[in-house]
Amino acid sequence: MALRVYNTLTGEKELFVPLVSGTVGMYVCGVTVYDYCHIGHARAGVVFDIIFRYLKYAGYDVTYVRNYTDIDDKIINRANQEGSDYRTIADRYIAAFDEDMARLGLQKPTVEPKATDHMGGIIAIIEALIARGHAYVSDGDVYYAVESFPDYLKLSGRTLEDMLAGARVELGDKKRHPMDFALWKGSKPGEPWWHSPWGNGRPGWHIECSAMSMEFLGKTFDIHGGGKDLVFPHHENEIAQSEGANGCQFVRYWLHNGFVNINSEKMSKSLGNFFTIREVLKKYDPETLRFFILSAHYRSPLDFSDQNLDEAQSGLERLYTCLAALDRLPVPDAGLDDTPLTAVGEELREKVEQFRARFVEAMDDDFNAAQALGILFEMVRGTNRFLAESPVPSGGSLQLLAHVRALLTEAGVVLGLFTVSPEQWLTGIKAAGIGRLALTVEQIEQLIVARTEARRAKDFKRGDEIRDELLAAGVQLLDSAQGTTWNIK
RNA sequence: GGCGCGUUAUCCAAGAGGCUAGGAGCCGGUCUGCAAAACCGUUAACGUCGGUUCGAAUCCGACACGCGCCUCCA
């Protein structure tokens, strides 16, 4: 029973052993704040949120750093387009990011630093790199000399020759080698700038993450995460900067989440096939989106479609329906009860006893949330079966069911699910559908009354007509002994 | 072109040498005036061709197809 994680650096699942026993330092690349976040950002956010949650559940004292890159060419371009300044753009999209992530139920990282608050650290690293012969000044810019760092590209397992064979590298006359990258860029007129030993300018992309991770986690730390698309060049360059400047290992375990696909193709800005988080949340509940993300292993591609989101909602509804049934049960007596459980009850008791170990086993295996969900569903099935057999449980049966509820809640905390009460979630799903109906709630309820009267008069033909009419309008009737309620189809 | 990943039933998706994953759906049942919902039960799979092995979805090789990175990306 020990946590194993897939390390991009070695290409293998490894036993996770932190630098300092009992603590974990984790840095995850946040976003460059120049636009609203899309579903790919949602995935990265949720994936590292559950990694954060699970590490804490496993007993670690976790320092989780997730940055905002709030100075970059894209932000400047956006500001120029809008005729505003980089700060206005950055602040607007930081606020939007915070709002989106909060809606998805992400826990706040320990620290959320901004690049522009770390200019001192950035400049210090560049100075160290120049002093160690890893960087050079060229006409107001500073570049990293990739040939000075023998380990360059160790994360993606390639060589400079491999990369150049792609033949899409631009030759810049300021660079000594085409793969050299900017650490500091001299500012052009009208651009934001900071003082530096090389003149006024701004940091290149990559260096801010080296500076902020070192500031909060030290020269060497345990986990660095981000999307797969950051492996090259971003993380590769971070390694070159941090290890070049500090002369020691930068990160022990590199974790990368897979892409969100649309029709099996990567969702990305350049392809234009992306959905923003706020668009999707107009149609789907945030926990449904989270559940969908958790339903595949974090390194696998995840195909985004309405059908898949609908299926995720059905699955989550099954879990919530069971929780709602559990919540309707009376509180069990404290006293012991010797009434033996039925065979079905014994089966459930066994599931309850094994639950925590199986859940931990799944999560210990490189955070396999999809497998963990399977274990939840198995317990739900056992519970439903037991409740079907003993609809009015008492004594020891109630205690067993209370135990089920506690375990589901416990797993829910790790997965970030079941954050609202089951009744509330189930009615929320219903309420979300009402806006899309042609009928008002009053009309629906009038029709239901008319149908009830028809049925009482044994006019089933008329009753069924009303039922079909409502169904065609998207309203599904639920008859029960207590009367008729309804749902959105 | 270089490097890497994937292909599991109708669909989504775990698993990684012998041990029921799971969800959605289909079908059957309970319930119902009949239905629906809910619940229960049930079904079925490992891209192709070879190899290793007592035994292969799982390991090895080839092939096919799909995807990713090599340019800004979570």
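Everything numeric in this text was worked out from a predicted model, so none of it was measured. All chains are named by letter (A, B, ...) in the order of the sequence lines, taking the proteins before the strands, and each is independently numbered beginning at 1.
Note on A:D151 versus A:K154: salt bridge recorded, some NZ/NE/NH1/NH2 to OD/OE distance being below 4.0 Å. One finds a salt bridge joining A:R349 and A:E353 here, because a Lys/Arg side-chain nitrogen approaches an Asp/Glu carboxylate oxygen to under 4.0 Å.
Judged as a salt bridge (Lys or Arg N to Asp or Glu O under 4.0 Å), and not counting sequence neighbours, the contacts of A:E82 are A:R78, A:R92.
Under the Watson-Crick and G-U wobble criteria, each requiring two contacts below 3.5 Å, nucleotide B:rU30 is paired to B:rA38. The partner of B:rC54, taking Watson-Crick or G-U wobble pairs whose two distances both stay under 3.5 Å, is B:rG18. Using N1 to N3 plus N6-O4 or O6-N4 for Watson-Crick, or N1-O2 and O6-N3 for G-U wobble, each under 3.5 Å, B:rG1 pairs with B:rC70. For B:rC65, the paired base is B:rG6 (Watson-Crick or G-U wobble, both distances below 3.5 Å).
Here the C1' atom of nucleotide B:rC72 and the CZ atom of A:F232 are 12 Å apart, to the nearest Å. If you measure from atom CG of A:L426 to atom C1' of B:rA38, you get 12 Å, rounded to the nearest angstrom. We find that CG of A:N261 is positioned 14 Å from P of B:rU7, with the value rounded to whole Å. Remark: P of B:rC72 and NZ of A:K266 are 11 Å apart, rounded to the nearest angstrom. A:R158 places its CZ atom 11 Å from the P atom of B:rC3, with the value rounded to the nearest Å. Distance CG (A:L271) to P (B:rC67): 12 Å, rounded to an integer number of Å. Taking atom NE2 of A:H235 as the reference point, atom P of B:rC72 lies 14 Å away to the nearest angstrom. Between A:W254 atom CH2 and B:rC69 atom C1' there is a gap of 16 Å when expressed in whole angstrom units.
Pairs passing the ring-ring contact (aromatic ring centres under 6.0 Å, His included) check and including a residue from residues 451-481 of chain A, sequence neighbours excluded, do not occur. Applying the ring-ring contact (aromatic ring centres under 6.0 Å, His included) definition to pairs two or more places apart or across chains, those involving residues 286-312 of chain A are A:F275-A:F304.
If you take atom P in B:rA13 and the same atom in B:rG47, they sit 15 Å apart, rounded to whole Å. Here, B:rC60 and B:rC27 have their C1' atoms 41 Å apart, quoted to the whole Å. Here the separation of B:rA44 from B:rU7, taken at their P atoms, is 22 Å to the nearest Å. With C1' as the reference atom, B:rG41 and B:rG6 are 35 Å apart, rounded to whole Å. Comparing the P positions of B:rC70 and B:rA38 gives a spacing of 45 Å, expressed to the nearest Å. Using P as the reference atom, B:rU43 and B:rA21 are 11 Å apart when rounded to the nearest Å. If you take atom C1' in B:rU58 and the same atom in B:rC19, they sit 14 Å apart, rounded to whole Å. Here, B:rC49 and B:rA37 have their C1' atoms 49 Å apart, quoted to the whole Å.
For A:Y93 and A:Y34, the ring centers sit 6.0 Å or farther from each other.
Taking every heavy atom of residues 94-115 of chain A and every atom of RNA chain B, no pair lies under 4.0 Å.
Not one N or O on the side chain of A:N261 forms a donor-acceptor pair closer than 3.5 Å with the backbone of A:L302. Between the side chain of A:S390 and the backbone N or O of A:P393 there is no donor-acceptor pair closer than 3.5 Å. Distance alone, capped at 3.5 Å, is enough to place a donor-acceptor pair between the A:D180 side chain and the A:V146 backbone.
The base of B:rC72 lies close enough to the side chain of A:K74 for a donor and an acceptor atom to sit less than 3.5 Å apart.
In this structure, A:K269 reaches neither bases nor backbone, as no heavy-atom distance under 4.0 Å exists between it and the strands shown. Backbone-only contact: A:G30 has heavy atoms under 4.0 Å from sugar-phosphate atoms and none from a base. Residue A:F48 is out of contact with every strand shown, counting any heavy-atom pair closer than 4.0 Å. Contacts of A:N384 with the nucleic acid, taken as non-hydrogen atoms under 4.0 Å apart, involve only primed sugar atoms and P, OP1 or OP2. Using a 4.0 Å heavy-atom distance criterion, A:V28 is classed as making no nucleic acid contact. Residue contacts for A:G40: at a heavy-atom cut-off of 4.0 Å it reaches a base atom on one of the strands shown.
Among the candidates A:L341, A:N384, A:V404, the single residue satisfying the side-chain contact (heavy atoms from CB on, under 4.5 Å) test with A:L348 is A:V404.
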With sugar-phosphate taken as primed atoms, P, OP1 and OP2 and all else as base, the protein-contact string of nucleotides 11-24 of chain B at under 4.0 Å (heavy atoms; B, S, -) is BSSSS-----BSBS
Reading nucleotides 32-37 of chain B from 5' to 3' and marking B where a protein heavy atom lies under 4.0 Å of the base, S where only the sugar-phosphate is that close, and - otherwise, the string is -BBBBS
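Base orientation at B:rA57 is syn, since its O4'-C1' glycosidic dihedral falls within 90° of 0.
Between A:H41 and A:H38, the ring planes lie tilted relative to each other; the angle falls in the 30° to 60° range.
To the nearest 0.5 Å, atom CG of residue A:N237 and atom OG of residue A:S210 are 9.0 Å apart.
A donor and an acceptor atom, one from each side chain of A:Y253 and A:E14, are nowhere located under 3.5 Å apart.
By the 4.5 Å heavy-atom criterion applied to side chains, A:P113 and A:F216 are counted as neighbours.
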